[in-house]
2 protein chains.
Amino acid sequence: MKESGNPHRKLLQSIQADGSLSLADLSEKAGMSQSSTWRKIQELESDGVIRKRVTLLDPGKLDLKLCVIAHVTLEDHHEETVASFASVVSERPEIMECYALSGAFDYMLKIRARDVESYEAFMTHYLLRNRRVRTVVSSFVLRELKFSTELPI
Amino acid sequence: MKESGNPHRKLLQSIQADGSLSLADLSEKAGMSQSSTWRKIQELESDGVIRKRVTLLDPGKLDLKLCVIAHVTLEDHHEETVASFASVVSERPEIMECYALSGAFDYMLKIRARDVESYEAFMTHYLLRNRRVRTVVSSFVLRELKFSTELPI
DNA sequence: TATGAAAAGGGGTTGCT
DNA sequence: AGCAACCCCTTTTCATA
């Protein structure tokens with residue numbers, strides 16, 4: 001919340017798109033000095049605008065051929081029920097994304113697994129076995145048309 | 001595809017989790033020499049296992065308060081219909097993820113917008129106005145429980 | 001040929017103007 | 001905000017098995 005000038009937006013766009021750019025590259029793209037660019041990045045980091053830097057890997061090349069979109073409803077919304085579900089979500093690395101939703105389902109999950117068998121095993125073990133989970137509807141991903149981490153800024 | 005030893009897995013996990021780690025950090029975590037670590041990373045990059053390095057930004061801090069999960073069905077699956085939809089998906093930055101699904105709906109989309117009004121505008125303009133789109137069911141994200149780019153390896 | 005060590009170079013970091 | 005020095009990290013080269 002401040003001066004949202006063009007250079008700062010340019011900077012954000014650049015670091016979003018490519019985390020390996022050098023300060024020289026970034027300052028050129030943003031049209032600001034190397035010093036200001038560096039200081040701005042520090043500011044963005046301490047303000048939490050920059051969450052983290054990561055390396056994106058190719059699931060297919062790492063034997064994670066299966067991606068599933070699962071919709072879940074719980075039996076109730078008591079605090080303990082919700083907390084128990086949330087803890088499964090945070091603990092299991094197969095669950096890559098999870099959102100509480102408005103509408104017919106309580107949650108949407110994006111899950112990655114090696115194959116159908118390992119997904120079946122994961123699902124039975126961590127979701128279906130849980131008495132608090134009422135329904136799970138799984139849709140298999142046939143094709144990934146887009147996966148971007150770049151926010152529309 | 002070859003010797004998938006523990007050190008290589010450790011390396012992949014480390015670069016996934018933190019894209020800002022130095023070679024010294026990475027080689028220590030993986031338990032291999034700096035040289036081998038460097039060479040392995042080069043290999044992973046040219047093999048396409050490493051897709052890209054990015055910086056993750058906080059949507060809330062950038063006035064993108066709204067996240068929507070939308071499910072779409074098309075009127076038909078003729079090549080041109082599918083291609084036209086795919087081009088909208090690839091062009092619009094608000095659409096951050098899109099997957100072709102098995103089951104009741106053809107596609108699932110994750111969309112980010114500033115607020116309900118701008119989402120409504122985007123949706124009307126790019127989805128509902130498209131004659132090839134039969135239905136769009138939007139679920140608003142009430143809470144993000146998890147968003148991870150780390151594959152379960 | 002593959003691996004590790006250590007030199008050489010470039011870029012990030014810091015202080016000063 | 002810009003400049004420049006420093007230092008660390010990346011990258012290359014060389015030596016060894």
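Below, read A as the first sequence line, B as the second, and so on, with proteins coming before strands; counting in each chain starts at 1. When reading the values below, keep in mind they use all heavy atoms of this one structure, side chains included, and skip hydrogens, waters and symmetry mates. Note that the structure is a prediction, hence the values are computed from the model and not measured.
- Under the rule for a ring pair (Phe, Tyr, Trp, His ring centres under 6.0 Å), the partners of F122(B) that lie at least two apart in sequence or sit in another chain are Y126(B).
- Under the 4.5 Å side-chain heavy-atom criterion for ILVMFWY residues, no single connected hydrophobic cluster contains both M96(B) and M108(B).
- Note: CD (E28(B)) to P (dC9(D)) measures 12 Å, nearest angstrom.
- At a threshold of 4.0 Å, the pair E144(A)-K110(A) does not count as salt-bridged, since none of the basic side-chain nitrogens sits closer than that to a carboxylate oxygen.
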Taking N or O atoms only and anything under 3.5 Å, show me the protein contacts with nucleotides 15-17 of chain D, one pair per line.
none

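- Listed by chain and number, the hydrophobic cluster partners of F105(B) are V137(B), where partners are ILVMFWY side chains within reach of under 4.5 Å, directly or through others.
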Using a cut-off of under 3.5 Å, enumerate the N/O to N/O pairs linking the protein to nucleotides 2-6 of chain C.
unit_1, atom_1, unit_2, atom_2, d
dG4(C), OP2, S33(B), OG, 2.9
dG4(C), OP2, S36(B), OG, 2.3
dG4(C), N7, R39(B), NH2, 2.8
dA5(C), N7, S35(B), OG, 3.0
dA5(C), N6, S35(B), OG, 3.3

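- Between E45(A) and R53(A) there is a salt bridge, with a side-chain nitrogen of the basic residue lying less than 4.0 Å from a carboxylate oxygen of the acidic one.
- Remark: W38(B) is in phosphate contact with dT11(D), judged by side-chain N or O atoms under 4.0 Å from OP1 or OP2.
- By the 4.0 Å N-to-carboxylate-O rule, E75(A) lies close enough to R134(A) to be salt-bridged with it.
- What you find for S27(B) and T37(B) is that their closest heavy atoms are CB-OG1, 3.2 Å.
- Look at CG on L23(A): it is 14 Å from P on dT10(D), rounded to the nearest Å.
- Across the protein-nucleic acid pair, I41(A) atom CD1 and dG12(C) atom P stand 9 Å apart, rounded to whole Å.
- Side-chain heavy atoms closer than 4.5 Å link hydrophobic residues (I, L, V, M, F, W, Y) into clusters, and following such links, even through other members, never connects I153(B) to I95(A).
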Base-pair string, DNA chain C, Watson-Crick plus G-U, cut-off 3.5 Å on both distances, | for inter-strand, is |||||||..||||||||
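- Among residues two or more places apart in sequence or in another chain, the ring pair (Phe, Tyr, Trp, His ring centres under 6.0 Å) test is passed with F85(B) by Y107(B).
- Rounded to whole Å, the distance from CG on D25(B) to C1' on dT10(D) is 13 Å.
- For the pair E150(B) and K52(A), the salt-bridge criterion is met [side-chain N within less than 4.0 Å of a carboxylate O].
- A salt bridge links R114(A) with D63(A): the closest approach of a Lys/Arg side-chain nitrogen to an acidic carboxylate oxygen falls below 4.0 angstrom.
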